[in-house]
Student: 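Structure in structure tokens, see below.
First listed ligand is number 1; within each ligand, the first listed atom is number 1.
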Amino acid sequence: MRIDIVSIFVDYFAPLDLSLLGKARAGGLIDVHLHDLRTWTDDVHRTVDDSPYGGGPGMVMRAEPWWAALEAVTGEPGPAARPRIVVPTPSGRRFDQKLATELAAEPWLVFCCGRYEGIDARVIEAWADDEVSLGDYVLAGGEVATLVMVEAVTRLLPGVLGNAESARDDSFSGPGEQLLEPPVYTRPPEIAGRSVPPVLLSGDHGAIARWRDEQSRLRTAERRPDLLA
Ligand code: 6GU
């Protein structure tokens with residue numbers, strides 16, 4: 001999968017070289033291209049923002065650099081005729097595992113990282129396929145949200161996870177019921193007076209599966225009753 005990211009803070013994306021994402025990148029499973037939006041400014045100050053029409057607080061990202069950036073990036077010879085263009089914004093639809101799965105099926109994604117009060121709405125109208133929010137809180141810009149989405153999508157790509165089953169068994173990944181994962185334990189069997197639930201040491205695989213399912217249901221009922229409703 002090819003992933004292009006346009007931002008005024010490309011240094012935010014250093015974690016793309018680490019851990020699972022770093023391995024996916026090094027192994028060619030994702031081909032990430034970072035672009036500094038200021039490349040497409042033409043004044044000496046490389047200005048990307050301006051005051052909002054109609055007044056109000058804050059600044060708006062100018063349409064011209066974004067337009068030029070998107071023309072350049074989408075005009076590159078990529079793995080598809082055109083990429084799917086995603087704009088992270090708190091006013092978008094909620095990101096979830098279903099959308100991650102959908103994005104993971106695309107050959108080419110472009111993430112447009114806004115800052116300030118957002119990007120001139122004409123850019124969004126003309127170019128965005130999806131406006132996506134992580135949740136009901138406000139970040140300083142789209143960079144961290146893009147990292148979140150890139151990680152969620154990348155771990156779904158074939159060959160990225162060591163164990164082929166680990167993605168399928170995740171919380172939220174089932175086709176029907178969405179249950180939270182049960183608690184997990186490893187050695188030692190006791191620490192600070194706290195023991196591993198004895199069933200996990202019993203060797204009874206049926207009993208272990210039933211216990212895990214029950215823990216998933218209890219946990220989901222307590223923490224995320226909305227998933228059961
Ligand atoms: Cl996608 N962007 C910003 N700036 N803030 C957010 C968000 C996105 N999702 C939740 N808060």
Student: Considering only protein heavy atoms, which is closest to atom 2 (N) of ligand 1, and at what distance to one decimal place?
Tutor: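 That would be P90 CD, 3.5 Å.
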
Student: Any nitrogen or oxygen of L139, main chain or side chain, under 3.5 Å from a nitrogen or oxygen of ligand 1?
Tutor: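 For ligand 1, there is an N or O atom that lies under 3.5 Å from one belonging to L139.
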
Student: Verify the cluster assignment for Y185 and L180: are they in a single hydrophobic cluster under the rule of side-chain heavy atoms below 4.5 Å apart?
Tutor: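 No, it is not one cluster - the side chains of Y185 and L180 are not joined through contacts under 4.5 Å.
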
Student: When clusters are formed by joining ILVMFWY residues with side-chain heavy atoms under 4.5 Å apart, either directly or through shared neighbours, do V86 and F95 land in the same one?
Tutor: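 As far as the 4.5 Å side-chain criterion goes, F95 and V86 are connected within one cluster.
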
Student: Should you measure from each heavy atom of V132, which atoms of ligand 1 turn up under 4.0 Å away?
Tutor: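 Near V132, the atoms of ligand 1 are 1 (Cl).
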
Student: Just heavy atoms, cut-off under 4.0 Å: does A145 contact ligand 1 by side chain, backbone, both, or neither?
Tutor: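 Contact part for A145 vs ligand 1: side chain (C-beta onward).
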
Student: Closer than 3.5 angstrom, by distance alone: can the side chain of R62 be matched with the main-chain N or O of D49 as a donor-acceptor pair?
Tutor: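 Answer holds: no.
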
Student: Can you list the atoms of ligand 1 that are under 4.0 Å from a heavy atom of P88?
Tutor: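 By the 4.0 Å cutoff, the relevant atoms are 1 (Cl).
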
Student: Hey, is the main chain of E181 close enough, under 3.5 Å, to the side chain of R219 for a donor-acceptor pair?
Tutor: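 Answer holds: yes.
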
Student: Heavy atoms only: give me the nearest P15-L147 pair and the separation to one decimal.
Tutor: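 The pair with the smallest heavy-atom distance is CG-CD1, 4.1 Å.
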
Student: Quick one: nearest non-hydrogen protein atom to atom 11 (N) of ligand 1, plus distance?
Tutor: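 Of the protein heavy atoms, Y137 O, 2.5 Å lies nearest.
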
Student: Heavy atom under 4.0 Å from ligand 1: found in D136's side chain, backbone, both, or neither?
Tutor: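 Neither part.
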
Student: Just need the protein heavy atom nearest to atom 9 (N) of ligand 1, so name the residue and atom and give the distance.
Tutor: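 Looking at atom 9 (N) of ligand 1, the protein heavy atom closest to it is L134 N, 2.8 Å.
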
Student: Classify the ring geometry between W40 and H35 as parallel (under 30°), tilted (30 to 60°) or perpendicular (over 60°).
Tutor: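 Judged by the thresholds at 30° and 60°, the geometry between W40 and H35 is tilted.
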
